[in-house]
Amino acid sequence: QVTLWLKKLYGRVPIPQYEVNERTVDILHEIMENNEERDKDVMLLIEDMKDRTSKCEAEADYWHNILGESLGFLEGSMSKEANDDLTDLVQSAIELDVEDTSLTSFYSAINDMTLELYKTKSNNEEMEQKLRTLTKKLTSALMVEKQLEKDIEKLKKSQVAQQAKAEIQSHNMKFLEDKSKDLKIRICDAEAKLLARGLDQSLTHEALVKSSE
């Protein structure tokens, strides 16, 4: 069955080589069954379309005869202007998706389309308003962001200047502390030398401070 199906499928073209075993044959058999089922569905669909086409052609012939016999004119006997008007009428009916070409159907379809147009315009205006609002907010946010960036930059520069000033002050403070220590040591050394030379105790720095207090 699989071999016959492959020959029918490929026709005059040679069947591609494949490994013949139980598994490959089972797979091909399943594909064959699915393919045949699909072909049956396609054939049924084709037959249904043919049946619908026949019915449409019969209905078209019926209405053509009605126009020709009852109303007394055929498509070929109409003027170009009449043919153009008829074509416009058909195109309008297709565009508006009406059930028939009566004025009621046309007016109803036009009203629906007009209402849809108004809704679309209203939605567009609402979206435009939202867009304008969002644009204003975005512009304001961007301005604030730029101002913040400037403020941060100023703050950074100020911090750098303050840090440099603090470092200078710290350096000066350390210098003064070192200088004070050095002076105290010198004073002590000088007093010790003076005392060694017989200086009166009441003239020492410590004694003078106490006397001043």
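Under the 4.5 Å side-chain contact rule for hydrophobic residues, V90 and F106 do not share a cluster.
Side-chain N or O atoms of N111 include one that pairs as donor or acceptor with a backbone N or O of Y107 at under 3.5 Å. N35 places no side-chain N or O within 3.5 Å of a backbone atom of I31 that could act as its donor or acceptor partner. Distance alone, capped at 3.5 Å, is enough to place a donor-acceptor pair between the T120 side chain and the E116 backbone. Listed for the D48 side chain is no donor-acceptor partner under 3.5 Å among the backbone atoms of L44. Judged by distance alone, with hydrogens and angles left aside, the side-chain atoms of S108 form no donor-acceptor pair with the main-chain N or O of T104 at under 3.5 Å. A donor-acceptor contact shorter than 3.5 Å is absent between the side chain of S158 and the backbone of K154. At least one donor-acceptor pair under 3.5 Å links the side chain of S92 to the backbone N or O of D88. For S170 (side chain) and A166 (main-chain N/O), no donor-acceptor pair under 3.5 Å exists by modelled atom type.
Comment: K193 does not engage D189 in a salt bridge, judged by the lack of any side-chain N to carboxylate O separation of less than 4.0 angstrom.
Side-chain contact between H29 and E33 is present, with heavy atoms from C-beta onward closer than 4.5 Å. Two residues are said to be in side-chain contact when any heavy atoms from C-beta on lie closer than 4.5 Å; L142 and L138 meet this criterion. Between D178 and D182 the shortest side-chain heavy-atom distance does not fall below 4.5 Å.
Separation of atoms CG (L9) and CG (L4) is listed at 12.5 Å; rounding is to 0.5 Å. To the nearest 0.5 Å, the span separating NZ on K40 from CE on M43 amounts to 12.0 Å. Rounding to the nearest 0.5 Å gives a distance of 12.5 Å between CG of L117 and CG of D112. In this structure, the separation between CD on E95 and CG on D97 is 10.0 Å, given to the nearest 0.5 Å. To the nearest 0.5 Å, atoms CG (L155) and CG (L148) are separated by 11.5 Å. For the atom pair C188 SG and L183 CG, the distance stands at 11.0 Å (nearest 0.5 Å).
Screening Q169, E177, H171 for a side chain to side chain contact (heavy atoms under 4.5 Å, CB included) involving M173 leaves a single residue, E177.
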Without placing hydrogens or testing angles, list every side-chain donor-acceptor pair under 3.5 Å for residues 18-25, not counting sequence neighbours.
unit_1 : atom_1 : unit_2 : atom_2 : d
E19    : OE2    : N21    : ND2    : 3.4
N21    : OD1    : R23    : N      : 3.1
N21    : OD1    : T24    : N      : 2.8
N21    : OD1    : T24    : OG1    : 3.1
T24    : OG1    : E19    : O      : 2.7
T24    : OG1    : N21    : N      : 3.0
T24    : OG1    : N21    : O      : 3.0

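Remark: E30 CD is loosely packed, at most 12 non-hydrogen atoms of other residues, nucleotides or ligands lying under 6.0 Å away. Heavy-atom contacts from other residues, nucleotides or ligands closer than 6.0 Å to CD of Q1 number 12 or fewer.
Screening residues 125-148 for side-chain hydrogen bond (donor to acceptor under 3.5 Å, both in side chains), with sequence neighbours left out, gives Q129-R132, Q147-D151.
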